[in-house]
Every structure is written in C-alpha cells, then in structure tokens.
Amino acid sequence: MYFLGIDIGSLSCDTVIIDQTSGIVASAVVPTGARNVKAIERSKADAMSLAGLIDEDIAALVSTGYGRRRVAGRSAAVTEISCHARGILHLLPETRLLIDIGGQDSKAIVFDGEGNVANFSMNDKCAAGTGRFLEAMARALEVDIIELAQLDRGARGELTLSSMCTVFAESEVVSLIADGAEVKEIVAGLNRSVANRVQSMVKRIAPDLSCLPVAMSGGVAYNEGVVRSLQTQLDVEIAIPEKPDIVGALGAALVARERALGQGEKRRPTE
Amino acid sequence: MLQQFERTIDALEAKLAAPQGNTPRRRYALEFARLGKRLYDGRHPVAWCGVVAPFDLLNAMGFTSCFVEFVGASLASSGVVDTFLDRAEQDGLVPDMCAYHRAVAGAAALGMMPVPQVLVATSCPCFAGQATMENLARLMERELIFLHVPLEQTPEAVRYLVDQLESMITQITALTGRRLDPDKLARTIERSNRAVAVIEEVFELAAHIPSPSASRELKDFGIAMPLLFGRPEAIELAQVFRDAFAGRIRSGGGNGVTKERVRLLWIQNRIQFREPLVKMLEQELGAVVVVDELNHVTWDPIDPQNPLEGIARRMISNPFNGPIESRISKLQALARRYRVDGAINPCNWGCRQGAGARGLMQTGLAEIGVPVLNLEVDCVDPRSFAEGQLRTRLEAFVEMLEAKSSPWS
Amino acid sequence: MRIGFACAYAPLPLIDAAGGRPFRILPESTAADQAGRILHDNMCPHVKRILDRAMGDDLPELGGVVLTNSCDTMRRLADGWRRARPEERVFLIDLPPAAGERSTRWFAAELERLRRELGEWTGHPISDAALKDSIARYNQLATGLSELRERLNEGGLTGGSPALQRVYNRISTSSLTESLALVRELLAQPTTASGTVGVPVHLFGNVLSDPAVFELIEECGARVVSDDLCTGGRLVQPIPGEKDPVSPIERLADGILSRSACARTMTPDTPGQLGEDLVARAREVGARGVIAHIVKFCDPYLGRLPAVRQALKAASLPLLVLEGDCTLRSVGQQATRIEAFVEMLEETL
C-alpha cells in the first residue's frame with residue numbers, strides 16, 4: 001500500500017510517494033509551466049514509473065499547493081501550510097519553525113512535535129521576499145538564477161538596496177550597474193533585502209527563536225547567499241533538508257497515509 | 001444610481017412578498033436601497049457625513065444623512081466600482097489610499113453624488129475621511145461643518161463636543177432654514193434607544209452556540225444601522241433579525257446554511273464586492289463568521305431630555321477613537337462573549353486607521369488564546385483581489401484552528 | 001533632559017521652559033526594520049522608522065516623549081511607542097484637526113495639561129514668565145532662520161540649501177541656547193558667494209531631512225528658494241501677539257495652530273486652502289515651479305494632491321511630485337525626473 005502527495009506550486013510541480021512505514025519510495029520535480037494539469041500528470045507519472053507502481057497501488061492521494069484543487073483522483077486537498085509542517089518534521093524532527101520560500105509565496109510556520117500548526121505568516125501582496133523577486137533580479141543582472149546563488153561570495157556587504165518593491169528594485173539594480181557597482185555587492189544587497197523581508201515575517205509570529213529550531217524549504221533554500229544572510233539576521237542556525245523542494249509533497253503524502261490509516265483525525269466539533 | 005436603487009427595491013419587494021421570501025437580509029437590503037433612493041431622488045434634503053456623525057439628530061432636522069463611505073461600499077457591491085476608482089486615479093489619488101474614499105472621489109467627479117445641503121465631517125475615524133470631505137466641499141461648493149471628536153472621554157471633552165454640536169445645529173439652521181424641534185429630537189432619541197436595545201438582543205442571540213447567524217447575514221449591520229436611527233424602520237428591521245434568530249434557536253439551532261465547526265470573529269471591514277471566499281469558509285469548511293467587530297458599536301441609552309451630551313459621549317466612546325487599548329479590550333470581550341476560535345483581519349489596504357495597529361490587536365487576541373489571520377485585501381477595490389492566495393491562507397488558518405483545542409474548553 | 005518629539009506641531013517653547021532639550025526623533029537610523037510587526041507594513045515610512053528607533057534602542061536617553069495626534073499614523077505611533085518602551089513617559093497631545101477659535105481653546109487646554117506633566121518630568125514647574133521668555137527666544141530663532149534663508153536666496157550662504165538643512169537638523173536636536181548660538185555664529189560669518197545659479201523652486205511636502213537630498217536637487221539644476229517641510233521651514237515659526245492680553249499658553253496655542261499648515265490641518269471654511277497657500281507662497285518667493293516630496297502612505301497629503309494640482313495648474317505653476325520614504329535613495333532614483341522637470345522649467349523661461 002502506497003501513498004502519494006502532490007504539491008503544485010507556481011514554479012514546480014512535485015510528487016512524493018511513500019510506503020506504509022512512511023519511507024520515501026520515489027519523488028519527482030517538474031516545472032509547472034503554463035498548464036498545470038499537464039505538469040500534474042507528468043510529475044505523477046515520473047514518480048510512479050520511478051517507483052514502478054500502477055494506480056491501483058496508491059491507497060490515497062493528497063494534493064497541496066496553489067493548484068491543489070486541480071488534481072484529479074485526490075482523496076483530499078490540504079494547504080501547503082499544514083503539509084510543509086508535516087513534511088519537514090519527518091525529515092528534520094527537531095524543527096519547530098519552518099521558513100519556506102517558494103516562487104509565489106513565502107511563509108513561516110510554527111508547529112509542535114506532532115506537526116500541528118500553532119501559527120503561520122505569509123508574505124504580503126508583493127513579490128518581495130519570494131523566488132519571483134530573485135528571478136526578476138537575476139534577469140536585471142543578466143545572470144542565471146542558479147548562478148545568482150553564488151554570486152555574493154567575497155562581497156564586503158556595504159551596499160544596501162532601499163527598494164523592496166520588485167519594480168523599483170529592478171530599476172535600482174539597473175542604475176546600480178550603470179553606476180559601476182560590483183555585481184557581487186549588488187547580489188549581497190539583494191540577498192540581505194530578501195532576508196530582511198523574510199526575517200520580519202518570521203519575527204511577526206516568533207519574536208523569540210531561542211526554543212524554536214529553524215529549518216528552511218522551497219527552491220530558495222538552495223541559494224546559499226540568502227540562507228547565510230537570513231542566518232545572520234535571525235541569529236540562528238538554519239537546517240536545510242537534502243531536497244528542500246519536496247517538503248510540501250512529502251507532507252501531503254504523510255497526510256494521505258495518516259488519513260487512510262485512520263490516524264490523526266483531529267477535527268473537533270465546536271458544540 | 002437612482003434607477004439602480006429603484007430596480008433593487010422593486011426586485012426585493014417582490015421577493016419579500018413571496019412565500020418564505022421574508023428573510024432578514026432581504027429586508028435589510030430593502031431598507032438600505034430605500035435609503036439610497038432617498039439620497040439620490042432629489043426630493044429629500046441630504047447631508048453627507050463622516051462615519052460617527054449624529055444621524056438621528058440630522059434625521060430629526062429632516063435630513064437624509066449618510067456617511068460617504070456608504071457610497072464606496074454600494075458601488076463595490078453592485079460591481080461597478082472600477083470606473084470610479086479609475087477616475088479617482090486620473091485625478092491624482094494613488095491606489096495606496098483607502099478605496100472607500102477613492103470610490104467616493106471618483107463618484108463625485110463623475111457627478112454620481114447628489115449635491116447635499118450640508119456636509120458634516122468628523123475627525124473620527126480617520127484623516128483620509130477628513131480629506132475626502134474637504135474635497136467634496138470644494139467640488140460641490142457646499143459648507144463644510146467639522147466636528148473634532150476628542151480622543152478621551154473626560155467632562156471637558158464632552159462639553160467641547162456638545163459645544164460643537166450646538167454650533168453645528170445653529171449653522172445648519174442658518175444655511176438651510178431647518179430648525180431642530182427639541183420634542184422631535186427627544187422622540188427621535190427614544191427611537192434610537194429602542195433600536196439599540198433590539199440590536200443588543202440580536203447580538204445576544206447571535207452569540208448562541210451554534211450561532212443562528214450565517215456568515216454574511218450581519219455583514220455591515222451595526223455600522224449601517226445608525227443611518228436609520230430615529231426612523232421607525234430601524235426598530236422594525238432589528239426586530240426582523242431578532243425574531244428570525246430566535247426562531248432558528250427554538251427550532252434546534254444553527255444558521256440553516258451549514259453545520260458550524262469553527263467560530264470566527266471578523267475584524268473591521270467586510271469585503272464589499274462579490275467574492276467567493278466567505279461562502280467557501282462557511283459551506284466547505286464549516287467556518288462561520290459569528291461576530292463582526294464593526295457591528296458592536298453600541299452604547300448606553302441617551303437621555304432624551306439631554307440628548308447632546310449623550311450623543312457626544314456616543315461619538316467619543318467609539319472604539320475606533322482613542323487609544324488602541326480600548327479597541328483591543330473590545331475585541332477581547334467580543335471573542336469571549338461569542339467564544340470564537342479565531343479572528344480574521346482583512347487589513348483593508350490603505351486604511352491606516354483601521355489596519356494600522358494590526359500587530360497590537362493580534363497580540364491582544366493571542367493573549368487570550370485567539371489566533372488572528374491577517375490578510376492583505378482591499379475591501380473595495382476588486383482589481384487586485386488575489387483569490388487563490390487568500391484561499392490558501394484561509395484554508396490553512398481553519399486547518400490550524402481545527403487542530404487546536406478551543407480557547408474556551 | 002532630552003524630550004523626544006516627532007512632529008512640527010510639538011510646542012518646543014514649553015519643552016524649553018521646563019528646562020528640557022527638544023530632541024526630534026528623525027527617521028534616520030540603521031535600526032532593524034521591525035515596526036511593521038506591531039503596526040502594519042503599509043504605514044508611512046517616517047513613523048515606521050521612528051518606531052524602529054524606539055524598538056531598536058537607537059535613541060539617546062530621553063526624559064519622555066511628546067507625541068501629537070497629527071494623523072492616524074502618528075496616533076498609532078503613540079500606541080506602538082507605549083508597547084515598545086513601556087517604561088518611558090509618553091504624552092499624547094490631542095491636536096485639533098482644524099484651526100479656529102474653539103480649536104485654539106481646546107489646544108490651549110491640552111498644552112496646559114502638557115505643561116503640568118513636563119514640569120513633573122523635569123522637576124521644573126513652568127511659570128508664565130519662563131514660557132514667555134522661551135517663546136520670545138524661539139521667536140529670535142525664527143528671525144535668525146529667516147535671515148539665513150534670505151542670505152541663502154541672495155546667494156550668500158556658504159553651502160547653499162543643504163547647509164541650511166543641516167542647521168535645521170541641528171536645531172531639531174539641540175537646546176534652544178545652542179540653537180540660538182549656532183544661528184548667531186552663522187549670521188556673524190561674512191556672506192560668501194555661493195551663487196544663485198539654478199532654477200528657483202519651492203519645496204513642498206512633509207519629512208525630508210537629509211541634506212544630501214537638497215544637494216541632489218541642486219545638482220539637477222534647481223535652487224531651493226523656500227521650503228514648506230515639517231523638518232525645515234515649518235519647524236520654527238514666530239509666535240505673534242506678545243502685546244496681546246492673553247496667557248502665554250493661549251498665545252502659543254494660537255500661534256502654532258494658525259501658522260503655515262501641514263496638510264493634516266483642515267480648513268472647513270475654505271476647503272482647498274492648502275493649494276491656494278502653496279500658490280501664494282511659491283509666487284512670493286519667485287519660484288518657477290514646485291517640487292513636492294510626499295512620504296509614501298501619507299493620507300493627509302495624498303488626499304489633498306488633486307486639489308493642490310488643480311490650484312497650481314490654474315496658476316500655471318508646474319509641479320513635480322516625488323513619492324519617497326525620506327531617504328536619499330528613494331529621491332535619487334527619481335533624479336532623471338527632477339532633471340527633466342528643471343529642463344522644462346528652463347524652457348518655459
């Protein structure tokens with residue numbers, strides 16, 4: 001008996017399959033592209049073929065992410081907040097606060113040892129502090145998003161960006177280049193400004209981090225510069241799982257397993 | 001606008017006459033469409049006002065009076081607000097400003113606001129409202145009367161405001177020839193008091209577990225009711241709600257729409273345009289908005305023989321006036337009274353007054369175990385409504401509340 | 001004892017008369033950006049930065065803080081301040097939102113309340129005589145500042161408008177005695193030829209204290225011949241009526257409420273007065289255009305911009321609006337617009 005979780009984000013569509021003992025059997029990450037229904041099919045098919053399974057082997061499927069209602073054959077749709085909490089606890093059981101920076105959203109989640117969410121916050125309307133912001137800045141700097149993650153090495157870190165708005169920041173970056181500022185300094189400035197936005201989101205729900213081991217997930221967790229800057233600003237160590245981009249899908253698979261096996265039914269009547 | 005109000009009145013009257021058609025919310029919509037008609041039909045003297053203006057007193061002087069934000073909300077709920085917001089932007093009002101006021105500015109610029117006899121601005125609740133009233137006075141070339149509502153209720157503050165109210169009455173009489181008959185004012189105030197008493201009964205019933213009130217049933221109720229104060233319909237309308245809620249409780253409880261699983265407190269404004277999320281919360285997740293912060297602005301009965309002092313106290317004691325602590329205590333009291341599991345604050349974009357202390361309010365409710373979800377919504381401007389993002393936040397919030405034990409168990 | 005304040009409506013003579021040293025909490029700081037946590041991120045950067053300083057302890061020792069109900073955001077600052085520094089003494093003045101006789105009486109009563117409180121803070125009860133003296137000396141300061149302004153406009157002030165802004169900033173955080181000495185010293189210096197190049201403009205708006213911004217504006221080819229900013233020209237203005245048979249508190253109340261107004265002060269009898277006053281002022285100083293610096297999310301100013309635009313247009317005075325966050329960077333990004341505006345003004349010569 002296997003359980004499948006799918007996380008449909010704005011940038012990637014991730015699938016994780018686990019077995020009855022919650023062990024990960026297979027995972028797949030594909031770009032979401034313009035049509036998320038296609039991406040869902042491909043991501044699922046990739047994971048199924050890696051695991052060598054057929055549809056009948058899957059006892060339950062839970063979807064998460066902004067496209068969670070698009071997934072056919074789901075047993076339930078659960079938000080990425082709950083799924084990320086569940087997923088990271090499975091990978092790094094000490095964690096009590098997770099920072100997830102995805103393409104469209106960034107979020108901070110505080111939870112207990114069972115994965116019950118105690119509080120969460122998400123970025124405001126604007127893209128600042130998300131993967132999309134960094135993508136726009138990579139474009140302005142004419143570098144690859146993967147390259148961007150390394151580019152701040154050796155920076156003195158004296159440059160501060162004032163604009164948090166993507167539109168303004170982009171023009172600020174362009175004018176900084178025109179003024180002859182070094183790319184590594186600009187990137188370090190960008191990282192600090194992303195980290196600054198994220199740290200204020202974290203502090204909003206957890207002013208004191210001393211008893212809350214922190215981990216990070218989402219594609220931006222691969223960006224060493226942002227992680228380093230965030231560690232400095234929050235003054236904590238941040239643990240990163242081996243595959244930070246599958247945490248949500250893993251959480252969804254775990255929820256699927258729990259619900260199918262009749263555990264973790266927490267809904268309570270208010271009466 | 002007039003035609004729209006007339007069409008709405010016809011449609012609602014037909015629905016209300018049908019068997020089973022007499023629902024409280026329809027009756028509510030009818031009374032406010034009728035108010036809209038009175039404002040726009042050119043046959044009633046009109047006073048455009050700030051939110052805490054003394055509407056009962058103005059009614060007693062024969063005015064159809066209304067706070068201007070009502071226009072912003074009406075335009076948004078009828079789905080036509082975009083045109084007016086666009087116009088306001090062309091005139092130089094930036095989208096960072098409150099969209100209630102942007103909509104009003106656009107409506108005035110496009111000739112969609114009837115020119116009033118007088119304008120009565122109030123310093124409470126906000127400075128954006130003051131600027132809007134000043135702009136209307138300039139555009140419509142009408143006298144602007146301004147009431148400074150002091151921040152704290154001291155004897156001096158009450159005297160100061162009474163003094164301003166007296167000047168206001170004199171000034172209105174000088175401008176329009178309309179006098180205030182003290183007996184009529186006394187009768188009006190008695191009716192206001194009776195309406196408030198029935199409204200209190202409505203809230204008492206709404207606090208039942210499960211609540212007889214559906215999520216959208218009392219939307220804007222308490223903030224709009226003062227516009228009818230002094231008129232018999234205010235009491236009748238409140239009675240319709242009271243009787244309907246009492247009936248639902250007698251016949252087994254609940255709101256008849258959904259089985260209540262999670263009880264929510266809505267902070268500040270509702271979203272005024274059509275949106276699917278509150279319905280989704282209620283029908284898909286059983287999360288019911290049982291109480292609105294803005295509804296619960298009630299006060300002690302006003303002495304009909306000494307009405308100005310009571311009116312002044314009513315204006316000053318508005319929880320949106322004064323230190324944030326009074327608003328926080330009010331929120332805590334509501335959370336306790338209604339035994340809510342969580343609270344939603346839409347943080348109306350551009351509202352420095354209402355959303356400006358959201359962190360302090362959140363902490364205040366967290367102290368009594370009630371989590372708050374802060375959203376980023378412009379409650380009047382639908383153009384930037386991010387449905388998907390908001391849905392995720394709301395669903396995650398309900399998931400979180402369901403996993404928690406109730407703050408009241 | 002330093003007494004903090006954050007708005008040009010703060011009654012500085014009362015602080016001085018109590019033996020206090022006014023300390024304007026300017027929005028310049030390296031403190032972490034965290035005010036949004038207790039308020040909202042969508043609040044004016046001026047107030048957020050001030051609260052950042054309070055939360056991040058980026059302040060000298062203060063004997064207390066005098067805040068004003070100048071706008072919704074300032075009102076929230078008082079709430080936030082009390083939360084961030086519960087031990088600190090805070091006095092909130094309920095500043096009337098409109099001028100006029102009744103408002104003045106209310107404001108005078110508020111100042112009376114503050115007078116008692118300040119006396120307790122500093123241990124120096126404020127006598128009428130002391131207050132009269134402080135008002136007189138602040139009037140001297142106002143006269144000295146307008147002489148400096150005149151010298152600047154004649155091209156004789158070393159360092160130009162950025163230098164004058166430095167003076168304003170020092171006055172904002174100095175005792176009255178130090179401020180008077182500073183201005184006297186500058187006036188004693190021989191006039192130098194800093195020149196009168198550049199297109200004369202009037203600077204309108206709220207908070208803009210960084211002298212580098214004035215340098216930038218002048219580098220773009222404009223010359224700031226007058227300003228109506230709360231960190232500049234509105235900070236110290238004369239309190240008239242020395243001979244009037246009223247108490248110094250009433251005089252102070254009347255003087256502060258009826259002087260050149262911030263957009264937050266309503267004019268119910270003459271709606272749109274702000275725009276008319278602006279036109280009159282720009283003409284009086286011979287400005288060929290107006291540059292407005294409006295702090296982002298500032299409702300009183302943003303709400304009155306349409307009327308201000310109309311008034312200036314009717315008077316054929318060009319207007320450039322810069323929305324910013326009080327920093328050089330936010331204005332610097334708009335340098336091209338300033339240059340283009342100046343070029344436009346030059347062409348319409």
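Keep in mind the model is a prediction, meaning the values are calculated, not measured. Note on naming: letters A, B, ... go to the chains in the order of the sequence lines (proteins, then strands), and numbering restarts at 1 for each one.
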Side chain from CB out, backbone as N, CA, C, O: work out which of these in B:Ile328 comes under 4.5 Å of a heavy atom of chain C, or both, or neither. side chain
Which residue out of B:Pro150, B:Ala88, B:Gly356 racks up the most heavy-atom pairs below 4.5 Å with chain C? B:Gly356
For chain B, which of C:Pro96, C:Gly36, C:Ala78, C:Ala98 has the most heavy-atom pairs under 4.5 Å? C:Pro96
So if I take each residue of residues 307-320 of chain C and look for any heavy atom under 4.5 Å from a heavy atom in chain B, which residues do I end up with? C:Ala307, C:Arg309, C:Gln310
Identify whether the distance between the nearest side-chain nitrogen and carboxylate oxygen of C:Asp94 and C:Arg113 falls below 4.0 Å. no
Winner by heavy-atom pair count (cut-off under 4.5 Å) against chain C, out of B:Gly350, B:Pro323, B:Gly92, B:Ala137: B:Pro323
Do any of residues 264-271 of chain C come closer than 4.5 Å to chain B, heavy atom to heavy atom, and if so which ones, in number order? C:Arg264, C:Met266, C:Thr267, C:Pro268, C:Pro271
Pick whichever of B:Leu93, B:Thr363, B:Thr132, B:Asp163 has the most heavy-atom pairs under 4.5 Å with chain C. B:Asp163
Can you say whether the rings of B:Phe70 and B:Phe67 are parallel (under 30°), tilted (30 to 60°) or perpendicular (over 60°)? perpendicular
Can any side-chain N or O of B:Gln272 pair as donor or acceptor with the backbone N or O of B:Gly72 at less than 3.5 Å? no
Is the shortest side-chain heavy-atom distance between B:Glu134 and B:Phe146 below 4.5 Å? no
Hey, does the side chain of B:Asn321 reach the backbone of B:Cys124 with a donor-acceptor pair shorter than 3.5 angstrom? no
Salt bridge (Lys or Arg N to Asp or Glu O under 4.0 Å) between C:Asp72 and C:Arg75: does it pass, once the steps are laid out? CA-CA 5 Å; C:Asp72 295 323; C:Arg75 179 67 196 78; over 6 Å; no
Whatever's closer than 4.5 Å to a heavy atom in chain B on C:Glu110 counts as neither
Tell me whether C:Tyr301 contacts the main-chain N or O of C:Val295 through its side chain, where contact means a donor paired with an acceptor under 3.5 Å. no
For chain C, which residues of residues 104-122 of chain B have at least one non-hydrogen atom nearer than 4.5 Å to it? B:Ala121
Side chain of B:Arg327, backbone of B:Phe320: donor and acceptor closer than 3.5 Å? no
Is there a donor-acceptor contact under 3.5 Å linking the side chains of B:Asn374 and B:Gln362? yes
Counting heavy-atom pairs under 4.5 Å to chain B, which of C:Ser70, C:Ser103, C:Pro300, C:Gly100 comes out on top? C:Ser70
Under a 4.0 Å threshold between the charged nitrogen and the carboxylate oxygen, would C:Arg251 count as salt-bridged to C:Asp254? no
With side-chain contact (heavy atoms from CB on, under 4.5 Å) as the test, would you mind laying out the steps for B:Glu89 and B:Val94 before giving the verdict? CA-CA 6 Å; B:Glu89 266 172 60; B:Val94 299; over 6 Å; no
Can you tell which of B:Pro125, B:Cys351, B:Ala128 has the highest number of heavy-atom pairs within less than 4.5 Å of chain C? B:Ala128
When the 4.5 angstrom heavy-atom criterion is applied to C:Leu305 and chain B, the contacting part is side chain
Which bit of B:Gln164 comes within less than 4.5 Å of chain C, counting heavy atoms only: side chain, backbone, both or neither? both
Would you please classify the geometry between the C:His40 ring and the B:Trp349 ring as parallel, tilted or perpendicular, with 30° and 60° separating the classes? perpendicular
N-O pairing of B:Glu376 and B:Arg393 below 4.0 Å: no
For the residue pair B:Ile172 and B:Leu175, establish whether any side-chain heavy-atom pair is separated by less than 4.5 Å. no
Distance only, no hydrogens: is a donor on one side chain within 3.5 Å (strictly under) of an acceptor on the other, for B:Tyr100 and B:Asn348? no
Heaviest contributor of heavy-atom pairs below 4.5 Å to chain B, chosen from C:Gly80, C:Gly303, C:Gly272, is C:Gly303
Quick check: does any side chain N or O of B:Trp266 sit under 3.5 Å from a backbone N or O of B:Asn269, one acting as donor and the other as acceptor? yes
Between C:Arg116 and C:Glu120, does a salt bridge (Lys or Arg N to Asp or Glu O under 4.0 Å) hold up when you go through it step by step? CA-CA 6 Å; C:Arg116 287 193 296 275; C:Glu120 279 169 31; over 6 Å; no
For chain B, which residues of residues 42-59 of chain C have at least one non-hydrogen atom nearer than 4.5 Å to it? C:Asn42, C:Met43
Under a 4.5 Å heavy-atom cut-off, does chain B meet the side chain of C:Leu95, its backbone, both or neither? backbone
Among B:Cys98, B:Ser123, B:Cys126, B:Cys347, which has the most heavy-atom pairs under 4.5 Å with chain C? B:Cys126
Given a strict heavy-atom distance threshold of 4.5 Å, which part of C:Arg76 is in contact with chain B: side chain, backbone, both, or neither? side chain
Is a donor on one side and an acceptor on the other found under 3.5 Å between the side chain of C:Arg304 and the backbone of C:Ala263? yes
